[in-house]
Novice: 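Let me begin by handing over the structure; questions about it come next.
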Amino acid sequence: MSVSDMFIALQGVLTADQDIREEIRKVVQTLEQTAREILTLLQGVHQGAGFQDIPKKCQKAREHFGTVRTQLASLKTKFPADQYYRFHEHWRFVLQRLVFLAAFVVYLETETLVTREAVAEILGIEADRERGFHLDIEDYLSGVLTLASELARLAVNSVTAGDYSRPLRISTFINELDSGFRLLNLKNDSLRKRYDGLKYDVKKIEEVVYDLSIRGLNKEATGGVGGEK
């Protein structure tokens, strides 16, 4: 084979690779749009009237996740099944965003932390990497850390809306989350930096709870109606 033939063959490989990446990019764009729609919907819970509409917003969000499952099913077909990590960077960010959104919905519904397996089910993908297109553990953890930041914001807005019990429950949840992350030996630089931000979320929520205590509103929150979710 001549040098020219060798480079023509190499160009064929490069072109095929570029075609795959372009197809992936198109699907990822649709996923990003759906994620924005879900986020816009859920952001309504931060408004005063939004607290009364949480169940309705969660239901609508879950309907959008039906679209996400369809889009992810399409994404799976755009690259060889054994090359997940070769193209992972293309959908990593949007998948982390979708994990956060799924975790936020589950928290709003049950005030519990969604498992990685449950998120994978919501997204219509695998939890086990051996089974193909899956939810990487680090993507799951990144999404959970984004949830912590969102809940810190929700704690502040809950007080504004006159819901004084919610920040106390969020504080308990975030402290449990922080304790869980302390059990991990994180070596991924990006994930480690994200985790370092969790202490600021913990501090922010502690300040909200302290303010409620100073104003005597924590007693109101833990008694009578305040004890209900």
Side-chain angles (χ1 to χ4, degrees), residues 5-46 56-109 114-150 188-191 193-194 197:
D5 289 338
M6 288 172 59
F7 276 83
I8 289 174
L10 290 173
Q11 180 57 50
V13 174
L14 291 173
T15 299
D17 186 78
Q18 290 166 358
D19 289 344
I20 290 174
R21 293 180 187 278
E22 179 60 22
E23 288 298 309
I24 291 173
R25 186 186 66 81
K26 290 177 181 177
V27 180
V28 168
Q29 283 183 330
T30 65
L31 278 167
E32 289 171 343
Q33 177 59 37
T34 306
R36 283 192 292 269
E37 292 172 2
I38 298 173
L39 180 60
T40 299
L41 175 65
L42 293 178
Q43 288 300 295
V45 305
H46 291 286
K56 185 183 297 183
K57 291 184 185 300
C58 289
Q59 181 181 354
K60 289 184 178 179
R62 283 189 175 272
E63 291 172 2
H64 281 292
F65 276 111
T67 302
V68 169
R69 287 192 289 273
T70 299
Q71 292 166 340
L72 283 171
S74 174
L75 180 59
K76 297 176 192 176
T77 68
K78 304 303 181 184
F79 63 95
D82 60 347
Q83 296 185 20
Y84 176 92
Y85 283 107
R86 181 181 181 189
F87 300 104
H88 177 238
E89 281 297 312
H90 289 278
W91 60 76
R92 179 174 60 88
F93 177 79
V94 71
L95 199 58
Q96 291 174 4
R97 173 62 61 88
L98 290 168
V99 169
F100 149 61
L101 294 170
F104 194 24
V105 168
V106 170
Y107 179 83
L108 291 172
E109 291 173 337
V114 69
T115 64
R116 184 165 69 99
E117 291 74 17
V119 176
E121 184 176 349
I122 291 171
L123 300 181
I125 59 179
E126 302 292 341
D128 185 351
R129 64 183 296 175
E130 277 71 36
R131 299 184 65 178
F133 194 102
H134 63 284
L135 176 56
D136 184 80
I137 292 177
E138 292 177 351
D139 289 340
Y140 166 73
L141 293 174
S142 292
V144 169
L145 287 170
T146 303
L147 171 67
S149 298
E150 190 74 9
N188 177 294
D189 289 341
S190 175
L191 187 58
K193 290 178 182 177
R194 294 283 299 279

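Positions are given from 1 along the sequence.
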Novice: Check for a donor-acceptor pair, side chain of His134 on one end and backbone N or O of Gly132 on the other, with a separation under 3.5 Å.
Specialist: yes
Novice: Using the rule given for side chain to side chain donor-acceptor pair (under 3.5 Å), can you reason through Gln11 versus Thr15, listing the C-alpha separation, both sets of side-chain angles and the distance that settles it, and then say yes or no?
Specialist: CA-CA 6 Å; Gln11 180 57 50; Thr15 299; 3.0 Å; yes
Novice: Are side-chain heavy atoms of Phe65 and Leu101 found at a separation under 4.5 Å?
Specialist: yes
Novice: Hey, are the side chains of Val106 and Arg62 touching, using non-hydrogen atoms and a 4.5 Å cut-off?
Specialist: yes
Novice: Do you know the tightest heavy-atom contact between Ser142 and Arg194?
Specialist: O-NH2, 2.9 Å
Novice: So which heavy atom on Ala127 is nearest to which on Ala120, and how close?
Specialist: N-CB, 3.9 Å
Novice: In terms of heavy-atom contacts, does CZ of Arg36 have more than 12 from other residues, nucleotides or ligands at under 6.0 Å?
Specialist: yes
Novice: List the atom of Lys57, the atom of Gly44, and the distance in Å for their closest heavy-atom pair.
Specialist: CE-C, 3.8 Å
Novice: Working to the nearest 0.5 Å, report the span between OG of Ser74 and CD1 of Ile24.
Specialist: 10.5 Å
Novice: For Glu109, look at atom CD and say whether over 12 heavy atoms of other residues, nucleotides or ligands are found less than 6.0 Å away.
Specialist: yes
Novice: Take Val105 and Ile122 through the test side-chain contact (heavy atoms from CB on, under 4.5 Å) and record every step on the way to the result.
Specialist: CA-CA 11 Å; Val105 168; Ile122 291 171; over 6 Å; no
Novice: Quick test of your reading: applying salt bridge (Lys or Arg N to Asp or Glu O under 4.0 Å), list the pairs with at least one residue in residues 91-103, sequence neighbours left out, ordered by first then second residue.
Specialist: Glu89-Arg92
Novice: As an exercise, state the distance from CG of Leu31 to NZ of Lys26, rounded to the nearest 0.5 Å.
Specialist: 15.0 Å
Novice: Please round to the nearest 0.5 Å and tell me the distance separating atom CZ of Arg116 and atom CG of Asp139.
Specialist: 10.0 Å
Novice: Rounded to the nearest 0.5 Å, what's the gap from CD1 on Ile20 to CZ on Phe87? Could you check?
Specialist: 4.5 Å
Novice: Tell me the closest heavy-atom pair linking Leu147 and Ala103, and the distance in Å.
Specialist: CD2-CB, 3.9 Å
Novice: When rounded to the nearest 0.5 angstrom, what distance separates CG in Leu42 from OH in Tyr107?
Specialist: 14.0 Å
Novice: As a quick check of understanding, evaluate side chain to side chain donor-acceptor pair (under 3.5 Å) for Glu150 and Gln43, giving each step before the final call.
Specialist: CA-CA 9 Å; Glu150 190 74 9; Gln43 288 300 295; 2.8 Å; yes
Novice: Before giving the answer on side-chain contact (heavy atoms from CB on, under 4.5 Å), spell out for Leu39 and Phe100 the whole-Å C-alpha distance, their side-chain angles and the decisive distance to 0.1 Å.
Specialist: CA-CA 10 Å; Leu39 180 60; Phe100 149 61; 3.9 Å; yes
Novice: Start with the C-alpha distance between Gln33 and Glu37, add both sets of side-chain angles, then the distance that settles side chain to side chain donor-acceptor pair (under 3.5 Å), and finish with yes or no.
Specialist: CA-CA 6 Å; Gln33 177 59 37; Glu37 292 172 2; 3.2 Å; yes
Novice: What is the distance from atom CG of Leu75 to atom CH2 of Trp91, rounded to the nearest 0.5 Å?
Specialist: 5.5 Å
Novice: Heavy-atom count check: over 12 atoms from other residues, nucleotides or ligands less than 6.0 Å from Phe7 CZ?
Specialist: no
Novice: Tell me whether the count of non-hydrogen atoms from other residues, nucleotides or ligands lying under 6.0 Å of NZ in Lys60 goes above 12.
Specialist: no
Novice: Quick one: closest heavy-atom pair of Val144 and Val99, and the distance?
Specialist: N-CG1, 4.4 Å
Novice: One thing to verify: whether Asp17 and Arg21 come together as a salt bridge, which I'm taking to mean a side-chain N less than 4.0 angstrom from a carboxylate O.
Specialist: yes
Novice: Going by distance alone, is a donor N or O of one side chain under 3.5 Å from an acceptor N or O of the other, for Tyr84 and Asp136?
Specialist: no
Novice: Could you work out, with side chain to side chain contact (heavy atoms under 4.5 Å, CB included) as the rule, every residue matching Ser190, not counting sequence neighbours?
Specialist: Asn188
